[in-house]
Amino acid sequence: MKVESVRGMRDILPEEVPLWQKLEEEIRSLFALYGYKEIRPPLVELAELFSRSVGEATDIVHKEMYVFPDKKGQMLALRPEATASVVRAYIEHGLYAKGDLAKLYYIGPMFRYEKPQKGRQRQFHQYGVEALGSLDPALDAEVIDLAWHLMERVGLSREGLFLRLNSIGCREDRPAYRAALRAHFSGRKEELCPDCQRRLQENPLRILDCKEPQCQGAIAAAPKSLDFLCEKCRAHFEELLAILEDLGLSYELDPRLVRGIDYYTRTVFELCSRELGAQDALLGGGRYDDLVELLGGPPTPGVGFAGGMERLVLVLSQHGLSQDEASELDLFVIPIGEEGKRRAVGILAQLRRRGISADLDYMGRSLRKAMSVAARRARYALLLGPDELSQNSATLKNLVTGVSSTAPLAEFLSNPRSFLGSTGT
RNA sequence: GGGAGCGUAGCUCAGCCUGGGAGAGCACCGCGCUGUGGACGCGGGGGUCGCGGGUUCAAGUCCCGUCGCUCCUCCCA
């Protein structure tokens, strides 16, 4: 039986990797520029961490999380997102005790048991930042600025993107708003889809997120969270908008934006592409001022976002900003005959120890064919045949100019770089 | 979770409607050119036709099931 990869889990092949590496480098360097430090939490956590933070009733936990018992029967989960893990680590290692804002970032695989399609895999990759310890709206703005900046940095234009923004208030505002939503939707319960009828009890906010046509009428007429903000939340949001305008960052207020995770408070946002179709959210985030306390730490506000690598790769390859040519070798060694082959192995080892990137034809190809491969992969070819070896020399061919020359082997090996032109790495 | 389309060589695909030789282009290998690349010509290797079952004298082709991918919906990154 042929073994294949698991549904929703895919290989990132060598030809795609350069683009991934480039993006990862851009992300790391930009996060560092804003003062964020990398943290690498484990991929496996207690399942309870996510059910308590992300929310038992959310789709992510309720139907998408990989949960399994370990050999002691402890319920574990493959992380469906990383904010909960980062906050857990923040509490567990007392990072709050340093008395400063903790600015952390991560990048790595996440797991959600969903129906795979373009831009959505079961193992996917997210990068994200978390800033823990300040309630300053300027920090919300910094995080949003970072999100925009990152998109510019990887080469996406502002015109192809838009920011959806909303405030859903703090935990004091929530009961009144939730009651208002419940009252509103209860009156129109018959219009709602089955999912929303369930959400009416569990979490009426999520109804706003529903895309079912039959629900749209009731949703459009629903009360808006912005009308239920307390004085502090209102001031916070207004300050944020003012800063965004100062920074020249555009946004679209979206009273329906609530996001699918329970821990959010106040600011929520998504940065979306106009070019991606159904899966258009490139990154999403917001404030989570109660999460640290909820997970057993001291009351500590936080704000952050997470973005999907696969979607970034998708948009960028649509723009043709994809990978560079495969990096070329300095040298390709072509042996002729048994003696040449035997000598080639040793010469190759010496060259590599001198920092020359080099490879050898292991395929037993004809000289003609080997030369053709060499031309594709390397800047120079080194020929080792009976003629050369009888004089302890080697033929070096510049594959760009086509010029060949012969040099004593000892001389070549003592300072190979002087024979290989200036562009050597 | 619901709906639709598609799985044939490493890749892109034709063949399926109207059942009977498994094919093309690219890639790969060899030769022309006995030790020198990109061109050209000739030749060659490579396929459980996704998998399982059914109909039939005969199935890549028709039918059913299943797995996978893609798209829409849903959800989200």
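Numbers restart at 1 for each chain; the letters A, B, ... are given by sequence-line order, proteins then strands. Keep in mind that what you see is a predicted model, and the values were worked out from it rather than measured.
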Asks: What's A:K63 touching, base or sugar-phosphate or nothing? Going by heavy atoms closer than 4.0 Å.
Replies: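 Since no nucleic acid heavy atom lies under 4.0 Å of A:K63, the category is nothing.
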Asks: With hydrogens left out and only the distance checked, is there a donor-acceptor pair under 3.5 Å joining A:E114's side chain and the base of B:G1?
Replies: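 Flag unset: no donor-acceptor pair detected.
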Asks: For A:R377, is there an ion pair with A:E328 - N to carboxylate O distance below 4.0 angstrom?
Replies: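 The answer is no: the pair does not qualify as a salt bridge.
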Asks: Side chain of A:A375 only, heavy atoms from C-beta on: which candidate in B:G30, B:G35, B:G37 is closest?
Replies: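 When the side chain of A:A375 is considered, B:G37 is the closest of B:G30, B:G35, B:G37.
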Asks: How far does the P atom of B:A77 sit from the matching atom of B:U66, given to the nearest Å?
Replies: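 Each nucleotide's P atom is 32 Å from the other's.
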Asks: Phosphate oxygens OP1/OP2 of B:C69: is one of them under 4.0 Å from a side-chain N or O of A:Q117?
Replies: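 Indeed not, no polar side-chain atom of A:Q117 lies that close.
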Asks: Grab the CZ-C1' distance between A:R377 and B:G38 for me, whole Å please.
Replies: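 It works out to 17 Å between those atoms.
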Asks: Write down the distance between CG (A:L257) and P (B:C75), rounded to a whole number of angstrom.
Replies: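 Rounding to the nearest Å, CG of A:L257 and P of B:C75 are 13 Å apart.
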Asks: Determine the contact category for A:E64: base if any of its heavy atoms lies under 4.0 Å from a base atom, sugar-phosphate if only primed atoms, P, OP1 or OP2 are that close, otherwise nothing.
Replies: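 Result for A:E64 = sugar-phosphate.
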Asks: Could you check which of B:C76, B:U36, B:C69 has an atom nearest any side-chain atom of A:L383?
Replies: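 Within the option list, the nearest is B:U36.
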Asks: Once you measure the plane-to-plane angle for A:H149 and A:Y34, does it fall in the parallel (<30°), tilted (30-60°) or perpendicular (>60°) bin?
Replies: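 Answer is perpendicular, since the angle exceeds 60°.
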Asks: So A:G119, base contact, sugar-phosphate only, or nothing? Heavy-atom distance under 4.0 Å.
Replies: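 Answer is base: heavy atoms of A:G119 come under 4.0 Å of a base.
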Asks: Is it the case that the ring center of A:Y36 lies less than 6.0 angstrom away from the ring center of A:Y105?
Replies: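 A:Y105 vs A:Y36: aromatic centres not under 6.0 Å.
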Asks: Need the pair for B:A24. Rule: Watson-Crick or G-U wobble, both distances under 3.5 Å, any strand; none if unpaired.
Replies: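 In the structure as shown, B:A24 has B:U12 as its Watson-Crick or wobble partner.
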Asks: Within this structure, what is the CZ-to-C1' distance between A:R112 and B:C75, rounded to whole angstrom?
Replies: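 Nearest whole value for this atom pair: 9 Å.
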Asks: Under a 3.5 Å limit for both distances, which nucleotide forms a Watson-Crick or G-U wobble pair with B:C6, could you say?
Replies: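 B:G68 is the nucleotide pairing with B:C6.
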Asks: Considering only B:A77, B:C69, B:G35, which nucleotide approaches the side chain of A:R7 most closely?
Replies: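 The closest nucleotide is B:C69.
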Asks: Tell me whether A:R40 at atom CZ has more than 12 heavy atoms from other residues, nucleotides or ligands lying less than 6.0 Å away.
Replies: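 Not more than 12 within 6.0 Å, no.
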Asks: Regarding A:G285, tell me which of base, sugar-phosphate or nothing describes its non-hydrogen contacts under 4.0 Å with the strands shown.
Replies: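 No contact.
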Asks: In whole Å, measure the gap between the P atoms of B:C16 and B:G60 for me.
Replies: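 Looking at atom P only, B:C16 and B:G60 are 14 Å apart.
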Asks: Under 3.5 Å for both donor-acceptor distances, Watson-Crick or wobble: does B:C74 have a partner, and if so which one?
Replies: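 In the structure as shown, B:C74 has no Watson-Crick or wobble partner.
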Asks: Contact class for A:R120 (heavy atom, under 4.0 Å): base, sugar-phosphate, or nothing?
Replies: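 Base contact - A:R120 has a heavy atom under 4.0 Å of at least one base atom.
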Asks: Look at all strands and tell whether A:L312 reaches a base, only sugar-phosphate, or nothing, counting heavy atoms closer than 4.0 Å.
Replies: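 Nothing: the residue A:L312, judged by heavy atoms under 4.0 Å, touches no strand.
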Asks: Please confirm whether the shortest side-chain N or O distance from A:K397 to OP1 or OP2 of B:U36 is below 4.0 Å.
Replies: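 Looking at the OP1 and OP2 atoms of B:U36, neither is under 4.0 Å from any side-chain N or O of A:K397.
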Asks: Round to the nearest Å and state the distance from A:F50 atom CZ to B:A77 atom P.
Replies: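 Nearest whole value for this atom pair: 14 Å.
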Asks: Measure from the side chain of A:I60, starting at C-beta and using heavy atoms only, and say which of B:C76, B:C71, B:G35 lies closest.
Replies: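 Nucleotide nearest to A:I60's side chain: B:C76.
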Asks: Taking the same atom, C1', in B:G25 and in B:G65, what whole-Å distance lies between them?
Replies: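 Here B:G25 and B:G65 have their C1' atoms 35 Å from each other.
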Asks: Rounded to whole angstrom, note down the P distance from B:G10 over to B:G45.
Replies: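 Pairwise P distance, B:G10 against B:G45, rounds to 15 Å.
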Asks: Taking CE from A:M371 and P from B:G37, how many angstroms apart are they, rounded to a whole number?
Replies: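 About 7 Å, once rounded to whole Å.
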Asks: Roughly how many Å apart are B:G50 and B:G7, using the C1' atom of each and rounding to a whole number?
Replies: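 These two C1' atoms come out 6 Å apart once rounded.
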Asks: For A:E388 and A:S393, which I'm curious about, is there any donor-acceptor pair between the side chains at under 3.5 Å?
Replies: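 Their side chains do not contain a donor-acceptor pair, so the 3.5 Å distance test is not met.
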Asks: A:R311 near the nucleic acid: base, sugar-phosphate alone, or nothing, with a heavy-atom cut-off under 4.0 Å?
Replies: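 Counting heavy atoms under 4.0 Å across all strands, the contact made by A:R311 includes a base.
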Asks: Can we say A:E26 and A:R153 salt-bridge, meaning some charged N sits less than 4.0 Å from an Asp/Glu carboxylate O?
Replies: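 The answer is yes: the pair qualifies as a salt bridge.
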Asks: Would you say B:G30 has OP1 or OP2 under 4.0 Å from some side-chain N or O of A:S366?
Replies: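 Yes, such a contact exists.
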Asks: Take atom NZ of A:K118 and atom C1' of B:C74, then tell me their distance rounded to the nearest Å.
Replies: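 My rounded result for the distance is 19 Å.
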Asks: If you look at every strand shown and take non-hydrogen atoms under 4.0 Å, does A:Q121 touch a base, only sugar-phosphate, or nothing?
Replies: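 It contacts base atoms.
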Asks: Using the P atom in both, what is the distance from B:A24 to B:C31, to the nearest Å?
Replies: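 Per the computed distance, 23 Å lies between those P atoms.
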Asks: RNA chain B: A:I336 or A:R10, which has the more 5' nearest nucleotide?
Replies: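 Counting from the 5' end, the first nearest nucleotide belongs to A:I336.
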Asks: Is A:G385 touching bases, backbone alone, or none of the nucleic acid, heavy atoms closer than 4.0 Å?
Replies: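 Base, at least one base atom sits under 4.0 Å.
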Asks: Which whole number of Å gives the distance between the P atom of B:U18 and that of B:G23?
Replies: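 24 Å, rounded to whole Å.
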Asks: Could you tell me how far apart A:D59 (CG) and B:A77 (P) are, to the nearest whole angstrom?
Replies: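 Rounding to the nearest Å, CG of A:D59 and P of B:A77 are 11 Å apart.
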Asks: Just N and O in the side chain of A:R259: are any of them under 4.0 Å from OP1 or OP2 of B:A77?
Replies: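 Answer is yes, contact under 4.0 Å.
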Asks: Under 4.0 Å between any heavy atoms, over every strand shown, what does A:D387 touch: base, sugar-phosphate, or nothing? Just pick one.
Replies: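 It contacts base atoms.
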Asks: Base, sugar-phosphate alone, or nothing: which one does A:I334 contact when heavy atoms must sit under 4.0 Å apart?
Replies: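 Nothing: the residue A:I334, judged by heavy atoms under 4.0 Å, touches no strand.
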Asks: Looking across every strand, which nucleic acid part, if any, lies under 4.0 Å from A:R122 by heavy atom: base, sugar-phosphate, or nothing?
Replies: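 Touches nothing.
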Asks: Where the side chain of A:K369 is concerned, which of B:C69, B:G35, B:G30 is the nearest nucleotide?
Replies: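 Of B:C69, B:G35, B:G30, B:G30 is nearest to the side chain of A:K369.
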Asks: Measuring only between side-chain heavy atoms, which start at C-beta, is A:F124 closer than 4.5 Å to A:Q126?
Replies: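 They are in contact (side-chain heavy atoms under 4.5 Å apart), so the answer is yes.
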Asks: At under 4.0 Å between heavy atoms, what does A:G337 touch on the DNA or RNA strands: base, sugar-phosphate, or nothing?
Replies: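 It contacts nothing in the nucleic acid.
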Asks: Contact class for A:A374 vs. all strands (heavy atom < 4.0 Å): base, sugar-phosphate, or nothing?
Replies: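 No contact.
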Asks: Ignoring backbone atoms, test whether A:R368 places a side-chain nitrogen or oxygen under 4.0 Å from the OP1 or OP2 oxygen of B:C33.
Replies: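 Checking A:R368 against B:C33: no side-chain N or O falls below 4.0 Å of OP1 or OP2.
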Asks: Report yes if at least one side-chain N or O of A:K115 is closer than 4.0 Å to OP1 or OP2 of B:G1; otherwise report no.
Replies: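 So the side-chain polar atoms of A:K115 never come under 4.0 Å of the phosphate oxygens OP1 or OP2 of B:G1.
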Asks: Taking A:E339 first and then A:R342, would you say they form a salt bridge - that is, a charged N and a carboxylate O separated by under 4.0 Å?
Replies: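 The answer is yes: the pair qualifies as a salt bridge.
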Asks: Using purine N1 to pyrimidine N3 plus N6-O4 or O6-N4 for Watson-Crick, or N1-O2 and O6-N3 for G-U wobble, each under 3.5 Å, what pairs with B:C29?
Replies: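 Across any shown strand, B:C29 pairs with B:G43.
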Asks: Between B:G53 and B:C13, how far apart are the P atoms? Round to whole Å, please.
Replies: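 Per the computed distance, 29 Å lies between those P atoms.
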Asks: May I ask you to evaluate whether A:R206 reaches the phosphate of B:C76, defined as a side-chain N or O under 4.0 Å from OP1 or OP2?
Replies: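 Checking B:C76 against A:R206, a side-chain N or O does come within under 4.0 Å of OP1 or OP2.
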Asks: Is the distance from OP1 or OP2 of B:G38 to the nearest side-chain N or O of A:R376 less than 4.0 Å?
Replies: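 No, because none of the side-chain N or O atoms of A:R376 sits under 4.0 Å from OP1 or OP2 of B:G38.
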Asks: Just checking, A:R79 and A:F111: is the charged tip under 6.0 Å from the six-membered ring centre and within 45° of the axis?
Replies: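 Output no; distance or angle outside limits.
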Asks: Determine, step by step, whether A:T300 and A:Y90 satisfy the side chain to side chain contact (heavy atoms under 4.5 Å, CB included) criterion, reporting the C-alpha distance in whole Å, the side-chain angles of both residues, the deciding distance to 0.1 Å, and the verdict.
Replies: CA-CA 11 Å; A:T300 308; A:Y90 174 83; 3.4 Å; yes
Asks: Could you tell me the separation between the CZ atom of A:R198 and the P atom of B:G1, rounded to a whole number of Å?
Replies: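 In whole Å, B:G1 P and A:R198 CZ are 14 Å from each other.
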